[in-house]
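For reference, the structure is listed below as structure tokens.
What you see is a predicted model; the values in this text were computed from it and never measured. All ligand and atom numbering here is 1-based and tracks the order in the structure.
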Amino acid sequence: MHSPDTLPDLLRGVGMTSQRTRDRMVARLAHQGIEDARVLSVMAAEPRHLFLDEALAHRAYEDTSLPIGLGQTLSQPWMVARMTELVLRESPRRVLEIGTGSGYQTLILARLVPELYSLERINALHHRAASRLRLLKAANARLRLADGGHGWPEAAPFEVILLTACAGELPEALLAQLADGGVMILPLADANGKQWLTRVRRQGDQHEVQRLEKVRFVPLLQGVIR
Ligand code: SAH
């Protein structure tokens, strides 16, 4: 693989990071059941390879999760597409993401919802994601270094809160920041440690919990690492 040397080349990608490779990823996603054309078109357009270290960039469009350092992972394309589809079903104005990580899911969401807020607890990841999102001019994405378990009270309520790390129980502080009728989408572990993608809808004081499919995420942890 020869390395691209200008910024436009870098953004567009070459070889294993080219438009053709991205189109193949999106065709695979459609084949796997992703139906929302908005999700497919944004994922076809955005440079997932920029969210990985150079040494891994050539694998960016494989259907796999990949390491982003500090023990964390960039979710596989299918998972990002599926969660984005679930978010868009709510036609939200304001969305909170917990677990910015590489910032790739953040970017995809920012292209599709008016206001995106995202929290990350690891400083190095937060900074890397922030500079990528600046480069890609995702001005409607607001990032903050913080323990996501406390949410973003000044910006609440949110029509959707999305977690990209697995919780052991429903995070109370986050439920309180949901708009009435809003949903939280999160990986939630059961008593056996199995993880389920879960959708929680707030209706007044009630919360309706719906278990979707089995998933695999890194754990939601407490505190901030500077
Ligand atoms: N959506 C990201 C997923 C990264 S993995 C991507 O595709 O790149 C999950 C991320 O959640 C990690 O970066 C981890 O540091 C972060 N995380 C875990 N617990 C957290 C918490 N309490 N608050 C904020 N971020 C958290």
* Structure fact -> When distances are taken from atom 16 (C) of ligand 1, the protein heavy atom at minimum range is Glu120 OE1, 3.4 Å
* Proximal candidate to atom 8 (O) of ligand 1 [heavy atom criterion; set Gly149, Ala167, Ser102] -> Ser102
* Structure fact -> Applied to residues 73-91, the salt bridge (Lys or Arg N to Asp or Glu O under 4.0 Å) test, sequence neighbours excluded, yields Arg82-Glu213, Glu90-Arg201
* Structure fact -> ligand 1 to Ala146, heavy atom cutoff 4.0 Å, flagged ligand atoms 23 (N), 24 (C)
* Looking at atom 5 (S) of ligand 1, what's its closest protein heavy atom, distance included? -> Thr73 O, 3.2 Å
* **Protein heavy atom at shortest distance from atom 25 (N) of ligand 1** => Arg121 N, 3.4 Å
* Answer yes or no: does atom CD of Gln206 have more than 12 heavy-atom neighbours from other residues, nucleotides or ligands under 6.0 Å? => no
* Asked: Which residue supplies the protein heavy atom nearest to atom 23 (N) of ligand 1, what is that atom called, and how far is it?
  -> Gly148 N, 2.7 Å
* **Protein heavy-atom partner closest to atom 9 (C) of ligand 1 - residue, atom, separation in Å** => Thr164 O, 3.4 Å
* Asked: With atoms numbered from 1 as shown, which atoms in ligand 1 lie under 4.0 angstrom from a non-hydrogen atom of Pro219?
  -> 18 (C)
* Structure fact -> In this structure, atom 21 (C) of ligand 1 is nearest to the protein heavy atom Leu221 O, 3.4 Å
* Asked: For atom 12 (C) of ligand 1, what's the nearest protein heavy atom and its distance?
  -> Gln72 OE1, 3.2 Å
* What pairs of residues pass the ring pair (Phe, Tyr, Trp, His ring centres under 6.0 Å) test when at least one of them lies in residues 177-226, not counting sequence neighbours? -> none
